[in-house]
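Let me begin by presenting the structure, written as structure tokens, before commenting on it.
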Amino acid sequence: KAGVTQTPRYLIKTRGQQVTLSCSPISGHRSVSWYQQTPGQGLQFLFEYFSETQRNKGNFPGRFSGRQFSNSRSEMNVSTLELGDSALYLCASSSDSGRGYGYTFGSGTRLTVV
Amino acid sequence: QQQVKQSPQSLIVQKGGIPIINCAYENTAFDYFPWYQQFPGKGPALLIAIRPDVSEKKEGRFTISFNKSAKQFSLHIMDSQPGDSATYFCAAGGGADGLTFGKGTHLIIQP
């Protein structure tokens with residue numbers, strides 16, 4: 001059974017640019033949640049998508065957005081990148097919506113903003 | 001703001017010892033308490049989880065102890081091995097915002 005696949009693994013972007021990250025969940029899972037991981041703040045919830053609908057959103061600015069497709073694959077977009085956006089971005093898939101049960105995480109996308 | 005407080009921040013234990021990591025939560029609406037293990041360059045992997053109607057759960061060498069009245073839970077690793085060296089995160093879930101994570105414990109098991 002394939003796990004959660006995140007692409008790309010590494011990204012280097014310049015301040016002010018935008019970036020799109022991709023997540024393919026485990027087959028059959030309809031929930032995809034995104035987290036930002038930094039040494040200072042730890043793991044912070046960005047948003048969750050279930051059946052193509054954003055169900056919940058964390059306390060992040062509107063520059064952070066996402067979407068989910070009919071095959072459950074999800075993308076997150078960060079516009080007007082800032083140096084502070086440098087982080088490991090993780091997605092987690094689950095069969096349940098919104099409650100965190102049984103999350104399986106991908107290996108993440110390491111974003112560096114210079 | 002919902003919080004999960006985790007301690008210690010780092011821990012060094014000799015091989016065969018029993019590292020203990022503690023977490024405390026505030027929101028009594030949480031009904032799911034998992035522990036995740038993360039190795040460098042990897043995403044967190046679910047280790048073990050407990051519901052608040054159970055006081056203890058064991059899976060292999062990993063045990064969660066849960067104290068509902070104190071709103072605390074802990075992870076014990078029996079017969080620890082150098083391969084257990086990793087960062088461990090507690091979390092709480094069941095609310096609308098997925099999982100709320102502790103800040104993590106960097107565990108080193110010395111041979």
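The chains referred to below are lettered A, B, ... by the order of the sequence lines, with proteins before strands, and numbering in each begins at 1.
When the side chains of ILVMFWY residues are joined at heavy-atom separations under 4.5 Å, either directly or via intervening members, A/Phe105 and A/Leu111 end up in two distinct hydrophobic clusters. In the hydrophobic clustering of ILVMFWY residues, with side-chain heavy atoms under 4.5 Å counting as a link, A/Val4 and A/Leu11 come out apart. Under the 4.5 Å side-chain heavy-atom criterion for Ile, Leu, Val, Met, Phe, Trp and Tyr, B/Ile20 and B/Phe33 are members of distinct hydrophobic clusters. When hydrophobic clusters are built by joining Ile, Leu, Val, Met, Phe, Trp and Tyr residues whose side-chain heavy atoms come closer than 4.5 Å, directly or via intermediates, A/Phe47 is not grouped with B/Leu99.
In this structure, no portion of A/Arg110 lies under 4.5 Å from any heavy atom of chain B. For A/Gln6, no part lies under 4.5 angstrom from a heavy atom of chain B. Of the atoms belonging to A/Leu90, it is side-chain heavy atoms, and not backbone ones, that fall under 4.5 Å from chain B. If you measure heavy-atom distances from A/Tyr35 to chain B, the contacts under 4.5 Å come from the side chain alone. Heavy atoms of B/Lys103 lying under 4.5 Å from chain A belong exclusively to its side chain. Heavy atoms of B/Pro34 lying under 4.5 Å from chain A are absent altogether.
A search for salt bridge (charged side-chain N to carboxylate O under 4.0 Å, His left out) contacts involving A/Arg30 returns nothing, not counting sequence neighbours.
Summarising the geometry, atom CZ belonging to B/Phe101 is positioned 15.0 Å from atom CD belonging to A/Gln41; distances are rounded to the nearest 0.5 Å. Here CG of A/Leu88 is found 12.0 Å from NZ of B/Lys42. Values are rounded to the nearest 0.5 Å. For the atom pair B/Asp31 CG and A/Tyr101 OH, the distance stands at 3.5 Å (nearest 0.5 Å).
Counting non-hydrogen atoms of neighbouring residues, nucleotides and ligands closer than 6.0 angstrom, the CD atom of B/Gln9 reaches no more than 12 such neighbours. Residue B/Arg51 places its CZ atom among more than 12 non-hydrogen atoms of other residues, nucleotides or ligands, all under 6.0 Å distant. Heavy-atom contacts from other residues, nucleotides or ligands closer than 6.0 Å to CG of A/Asn59 number 12 or fewer.
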Before giving the answer on side-chain contact (heavy atoms from CB on, under 4.5 Å), spell out for A/Phe45 and B/Thr100 the whole-Å C-alpha distance, their side-chain angles and the decisive distance to 0.1 Å. CA-CA 8 Å; A/Phe45 174 73; B/Thr100 300; over 6 Å; no
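Note: A/Tyr103 and B/Tyr36 fail the aromatic proximity criterion, with ring centroids not under 6.0 Å apart.
Ranked by heavy-atom pairs shorter than 4.5 Å toward chain B, the options A/Gly106, A/Gly108, A/Ser107, A/Gly42 are led by A/Ser107.
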